[in-house]
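Have a look at the structure below before the remarks.
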Amino acid sequence: QLQLVESGGGLVHTGGSLRLSCAASGFTLDDYVIGWFRRAPGKEREGVSCISASAGSTYYADSVKGRFTISRDNAKNTVYLQMNSLKPEDTAVYYCAAANARLGAALFRLCAGAPPRGMKIGSWGQGTQVTVTS
C-alpha cells in the first residue's frame, strides 16, 4: 500500500537544473523522514539529501551542498529535490525513501553515509534517471 514514485529526471548539460519529485500514496509524508539517494554506474549507492518530518532538519552530502535543495509540500504529499549547477558526476539513478518515526533516525543516518550503506530502510521508490553531459 505504501508507494513512492520519483519523477523529473532527464538529460541536461553541465550547469543545468532539474527538479525531482517524490510523490507518496498510501501514507502521509508529513509524518515521515524523507531521503534522496543515488546510484551511479559502477559505484555504490550514496545518500544525497534528507529532510526531517517537521522539515526543521536537513542533510546534504558535501558533493551537492550549495547546489541541491530538498523541500516538502505536505499539501501535495510530495518531496522535491531541486538540483542546480549539475555536473557529470551527478549522473545516476535517483531514489527517494521514506521512514516513519520509528525508523526515521536510522534513515537519516543512512543518508549521511552510516553503514551498512547499501541497506534499504523504510519505503523506496523505483528511481528516476538523471544524466548530465559535458
Side-chain angles (χ1 to χ4, degrees):
Q1 294 292 336
L2 305 181
Q3 187 174 16
L4 297 170
V5 179
E6 302 95 336
S7 63
L11 178 66
V12 299
H13 293 291
T14 298
S17 297
L18 288 171
R19 189 180 74 162
L20 305 184
S21 298
C22 176
S25 61
F27 61 101
T28 302
L29 280 183
D30 61 358
D31 295 326
Y32 285 74
V33 170
I34 305 297
W36 284 98
F37 298 78
R38 66 186 182 187
R39 187 180 180 92
K43 297 182 179 180
E44 288 294 306
R45 192 194 73 202
E46 63 177 343
V48 178
S49 182
C50 283
I51 188 167
S52 65
S54 67
S57 297
T58 58
Y59 165 83
Y60 296 95
D62 288 341
S63 60
V64 307
K65 196 172 298 181
R67 300 188 296 121
F68 291 10
T69 303
I70 190 170
S71 63
R72 60 197 310 157
D73 187 339
N74 291 335
K76 296 182 178 180
N77 217 29
T78 301
V79 173
Y80 304 98
L81 184 68
Q82 179 67 46
M83 307 186 296
N84 298 325
S85 302
L86 284 163
K87 306 174 181 179
E89 51 263 45
D90 295 319
T91 295
V93 177
Y94 284 71
Y95 303 87
C96 65
N100 61 19
R102 181 172 62 87
L103 298 174
L107 182 62
F108 228 102
R109 291 192 294 270
L110 187 64
C111 187
R117 295 180 179 85
M119 184 179 181
K120 288 187 175 181
I121 296 174
S123 300
W124 288 67
Q126 295 300 307
T128 185
Q129 176 71 50
V130 171
T131 303
V132 185
T133 63
S134 60

Please step through side-chain contact (heavy atoms from CB on, under 4.5 Å) for the pair Phe37 and Val93, ending with a clear verdict. CA-CA 8 Å; Phe37 298 78; Val93 177; over 6 Å; no
Step by step, would you call Tyr80 with Ile51 a side-chain contact (heavy atoms from CB on, under 4.5 Å)? CA-CA 10 Å; Tyr80 304 98; Ile51 188 167; over 6 Å; no
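Arg38 and Ser63 get closest at one heavy-atom pair: NH2-OG, 3.4 Å. Closest approach of Arg45 to Arg39, counting heavy atoms only: N-NH1, 3.5 Å. In this structure, Thr91 and Ala40 approach most closely via the heavy-atom pair O-CB, 3.4 Å. Here the closest heavy-atom approach between residue Cys50 and residue Gly35 is recorded as SG-CA, 3.4 Å. Looking at every heavy atom in both residues, Leu103 comes nearest to Gly122 through CD1-N, 4.3 Å. Pairing each heavy atom of Ala24 with each of Leu29, the nearest pair is CB-CG, 3.4 Å.
Clustering ILVMFWY residues whenever any of their side-chain heavy atoms sit less than 4.5 angstrom apart, transitively, puts Tyr59 in a cluster other than the one holding Tyr32. Linking Ile, Leu, Val, Met, Phe, Trp and Tyr whenever their side-chain heavy atoms come within less than 4.5 Å leaves Tyr95 and Val48 in two separate clusters. In the hydrophobic clustering of this structure, Trp36 does not group with Leu107; members are Ile, Leu, Val, Met, Phe, Trp, Tyr whose side-chain heavy atoms approach within less than 4.5 Å, directly or through other members. Residue Ile70 is grouped with residue Leu86 when hydrophobic side chains (ILVMFWY) are merged at heavy-atom distances under 4.5 angstrom, including chains of intermediate members.
The side-chain hydrogen bond (donor to acceptor under 3.5 Å, both in side chains) analysis of residues 118-132, with sequence neighbours excluded, yields the pairs Gln129-Thr131.
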Donor-acceptor contacts under 3.5 Å from residues 7-21 side chains, at least two apart:
| residue | atom | partner | partner atom | Å |
| --- | --- | --- | --- | --- |
| His13 | ND1 | Thr133 | OG1 | 2.8 |
| Thr14 | OG1 | Thr133 | O | 2.9 |
| Ser17 | OG | Asn84 | OD1 | 2.9 |

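Note that CG of Asn77 is 9.0 Å distant from CZ of Arg72, once rounded to the nearest 0.5 Å. To the nearest 0.5 Å, atom OG of residue Ser25 and atom CG of residue Leu4 are 7.5 Å apart.
Under the 4.5 Å side-chain criterion, counting only non-hydrogen atoms from C-beta, Cys96 is not in contact with Val79. Residues Ile121 and Phe108 are not in side-chain contact: their nearest non-hydrogen atoms beyond the backbone lie 4.5 Å or more apart. For the pair Asp90 and Met83, the minimum side-chain heavy-atom distance is 4.5 Å or more.
For the side chain to side chain contact (heavy atoms under 4.5 Å, CB included) test, residues two or more places apart in sequence or in another chain that qualify with Lys65 are Tyr60, Asp62.
Looking at Arg117, its side chain never comes within 3.5 Å of a backbone N or O of Gly47 through a donor-acceptor pair.
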